Amino acid sequence: MKHRIVVLGAGYAGAFAAGNLARRLSPADTEITVVNAAPDFVERMRLHQLAIGQDLAVRSLADIFAGTGVRLRLARVTGIDTERRTVATTGEDGEDSEDGLAYDTLLYALGSSVAHHGVPGVAEHAFDVTGRSSALRLRERLAGLGAGGTVLVVGEGLTGIETATEFAESRPDLSVALVARGELGAWLSPKARRHLRQAFDRLGITVHEHTSIEAVEPARAVAADGTSVPADVTVWSAGFAIHPLAAAAGLEVAETGQIVVDRTMRSVSHPDVYAAGDCAYAIGDNGRPLPMSCGSAGYTNMQATAAIIARLTGNEVPTTGLKYYGNHISLGKRDAIFQMVDGDVRSRSWYLGGRSAARLKSSVLKGAAWSIAHPTFGMPTRRRRLATAPDRPGVRVAA
């Protein structure tokens, strides 16, 4: 009987992890299945570009995993039974799986969605760029917005800044504004913060600092002090939320809903479950939780796959670096900021800005897309056989 590895989610963390597992484990011993609701890989880091009208390459997951031995199940995950070690799913046709998808090792990489924070009107009237369908919905709305239309981006994080600058550059006929709860770019070094403000001024973006939005309506947002901010379109980018699926399954989770994992990305409550990406509550090398980001998805999926492979093959589990190096922020197509941080995640005085930073960011995006399109970096080698468990002759399992 083969060891069944099930990967939930085919985003940056899940797709890369599945390919890495297929490359390094023998198909004679393992069966790898990826479960994903959508048929195509979503370049989440570029969804703000999709929303403003740019066309992104469509990468079919079936094509990505073709020839790798990875099985693809297009379905939405609806539940996990950690006692029976099964995953309940609903297929494209709307039918539920009867017996569930069985696993011996589960890698949970379902990512995150936009956080509404309970603000009235966000679900009904705001748009977001955390998923392909929501980005396309925003794209359609912006396409129908004429000259002089107002767009309000709520949130001063990386997503909010990249969205506001991309929209303002691509649609100079629109009036773009951004709402920040604190100071714009407060976490950046003084020089980088100055660069950011100059970019906003150059693009004509209005900034409402130290402002908290308490309600979203069809044509405006209302601040905590009662101020009305006009908005034909409100784009909500005020943080990420984790689906309650893991908590409902009985996995130990943090206050954020993320799965609490050890240094090897293994669930502290269920040793046959690993987590990677936004849904993993992982402590970095600096002793602080890793932020929800594409960079963290890379670190955590590499550590999770290394740990799974080592334990299945009876080898010592290696530790990969969990160090956060900095923030890379696009400011339209030809400008960007790369801000280095120290071990305490404080901005260093040095930063890279302008076209050089934009070219570096473009290389990062292309590199991420290439690695997903080539999940096994060529044909799988699969050199490692699994260690045989003494209590189940012929069955190879994780220690």
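Computed from a predicted model, the values in this text were never measured in an experiment.
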| query | Looking only at atom types and distance, does a side-chain atom of Tyr108 sit under 3.5 Å from a main-chain N or O of Ala276, one as donor and one as acceptor? | reply | no

| query | Are any side-chain N or O atoms of Arg263 and backbone N or O atoms of Ala282, one a donor and one an acceptor, separated by less than 3.5 Å? | reply | no

| task | Using the rule that two of Ile, Leu, Val, Met, Phe, Trp, Tyr join whenever any of their side-chain heavy atoms come within less than 4.5 Å, decide whether Ile205 and Val129 are in one cluster. | result | yes

| request: Check side-chain hydrogen bond (donor to acceptor under 3.5 Å, both in side chains) between Ser113 and all other residues, then give those that pass, not counting sequence neighbours. | output: none

| request: Give every residue pair that meets the salt bridge (charged side-chain N to carboxylate O under 4.0 Å, His left out) criterion with at least one member in residues 358-370, sequence neighbours excluded. | output: Glu162-Lys361

| said: Per the salt bridge (charged side-chain N to carboxylate O under 4.0 Å, His left out) rule, what does the pair list look like for residues 35-44, sequence neighbours excluded? | reply: Glu43-Arg46, Glu43-Arg59, Arg44-Asp278

| query | Less than 4.0 Å between a side-chain N and a carboxylate O, is that true for Asp272 and Arg85? | reply | yes

| query | Are the side chain of His125 and the backbone of Gly121 linked by a donor-acceptor contact shorter than 3.5 Å? | reply | no

| field | Residue list, side-chain hydrogen bond (donor to acceptor under 3.5 Å, both in side chains) with Glu214, at least two apart or on another chain | value | Ser212

| message | Quick one, Ser175 and Val151 - any side-chain contact, counting heavy atoms below 4.5 Å? | response | no

| task | Carefully, step by step, assess Asp104 and Arg4 under the rule salt bridge (charged side-chain N to carboxylate O under 4.0 Å, His left out). | result | CA-CA 5 Å; Asp104 297 303; Arg4 299 160 298 185; 3.1 Å; yes

| said: Quick check against the 3.5 Å criterion: does Thr89 have a side-chain atom that pairs as donor or acceptor with the backbone of Gly91? | reply: no

| remark: OH (Tyr103) and CZ (Arg84) are apart, to the nearest 0.5 Å, by 10.5 Å

| query | Are a donor atom and an acceptor atom from the side chains of Asp232 and Thr150 found within less than 3.5 Å of each other? | reply | yes

| note | Connected to Val58, directly or through other members, by ILVMFWY side-chain contacts below 4.5 Å are none

| query | More than 12 foreign heavy atoms under 6.0 Å from NZ of Lys191: is that the case here? | reply | no

| task | Would you mind checking if Glu156 and Arg181 are paired as a salt bridge, meaning a charged N to carboxylate O distance below 4.0 Å? | result | no

| Straight-line distance of Ser134 OG to Leu47 CG, nearest 0.5 Å | 7.0 Å

| task | Give a yes or no on this: more than 12 heavy atoms of other residues, nucleotides or ligands lie within 6.0 Å of atom CD of Glu252. | result | yes

| field | Contacts of Ser269 that satisfy side-chain hydrogen bond (donor to acceptor under 3.5 Å, both in side chains) - sequence neighbours left out | value | Ser267

| Taking C-beta and beyond as the side chain, do Thr30 and Lys2 meet within less than 4.5 Å on heavy atoms? | no

| task | Evaluate the side-chain proximity of Asp128 to Val235: yes if any heavy-atom separation is below 4.5 Å, no if none is. | result | no

| message | Out of the candidates Asn301, Thr300, Ile308, Val273, only one should pair with Met265 under the side-chain contact (heavy atoms from CB on, under 4.5 Å) rule; please name it. | response | Thr300

| query | Checking Arg266 side chain against Pro271 main chain: does a donor-acceptor pair fall under 3.5 Å? | reply | yes

| said: Whether the side chain of Ser170 engages the backbone of Phe167 through a donor-acceptor N/O pair (distance < 3.5 Å, no angle test) should be reported. | reply: no

| message | Running the 4.5 Å side-chain criterion over Ile, Leu, Val, Met, Phe, Trp and Tyr, what cluster does Ile213 land in, apart from itself? | response | Val114, Val119, Val122, Leu152, Val154, Val179, Val216, Val229, Trp236

| query | Which pairs pass ring-ring contact (aromatic ring centres under 6.0 Å, His included) with one or both residues in residues 189-224, sequence neighbours excluded? | reply | His195-Tyr351

| query | Sub-3.5 Å donor-acceptor pair from the side chain of Gln303 to the main-chain atoms of Thr320, do we have one? | reply | yes

| Note, Val34 side chain near Phe65 side chain (heavy atom, < 4.5 Å) | yes

| field | Main-chain N/O of Ala10 paired to Asn36 side chain as donor or acceptor, under 3.5 Å | value | yes

| task | Determine, stepwise, if the pair Thr256 / Tyr281 fulfils side chain to side chain contact (heavy atoms under 4.5 Å, CB included). | result | CA-CA 8 Å; Thr256 57; Tyr281 187 79; 4.2 Å; yes

| side chain to side chain contact (heavy atoms under 4.5 Å, CB included) between Ile80 and Leu8: does it pass, once the steps are laid out? | CA-CA 11 Å; Ile80 302 171; Leu8 303 183; 3.9 Å; yes

| field | Arg171 CZ: over 12 foreign heavy atoms closer than 6.0 Å | value | yes

| Any donor-acceptor pair under 3.5 Å linking the side chain of Ser296 with the backbone of Gly277? | no

| request: Kindly compute the distance separating CG (Leu386) from CG (Leu312), expressed to the nearest 0.5 Å. | output: 4.5 Å

| request: State whether the side chain of Arg348 and the backbone N or O of Val341 hold a donor-acceptor pair below 3.5 Å, judged by distance alone. | output: yes

| message | Does Glu124 have more than 12 heavy atoms from other residues, nucleotides or ligands lying within 6.0 Å of its CD? | response | yes

| said: How close do Val70 and Ala22 get, counting heavy atoms only, and between which atoms? | reply: CG2-CB, 3.6 Å

| query | Hydrophobic cluster mates of Met292, side-chain heavy atoms under 4.5 angstrom, ILVMFWY only, any path? | reply | Phe240, Ile242

| Atom pair CG/CG of Leu138 and Leu50 - distance to nearest 0.5 Å | 9.0 Å

| said: Measuring from atom CD of Glu209 to atom CG of Leu178, what distance do you get when rounded to the nearest 0.5 angstrom? | reply: 9.5 Å

| note | To the nearest 0.5 Å, atom CG of Leu174 lies from atom CD1 of Ile52 at 6.5 Å

| query | If you measure from the Lys or Arg side-chain nitrogens to the Asp or Glu carboxylate oxygens, is any gap between Arg220 and Glu217 under 4.0 Å? | reply | yes

| For Arg355, which residues count as a side-chain hydrogen bond (donor to acceptor under 3.5 Å, both in side chains) partner, sequence neighbours excluded? | none

| query | Which other residues belong to the hydrophobic cluster containing Leu360, where Ile, Leu, Val, Met, Phe, Trp and Tyr are joined when side-chain heavy atoms lie under 4.5 Å apart, directly or via other members? | reply | Phe338, Met340, Trp350, Leu352

| remark: The complete set of ring-ring contact (aromatic ring centres under 6.0 Å, His included) pairs with one or both residues in residues 35-61, sequence neighbours excluded, reads Tyr12-Phe41

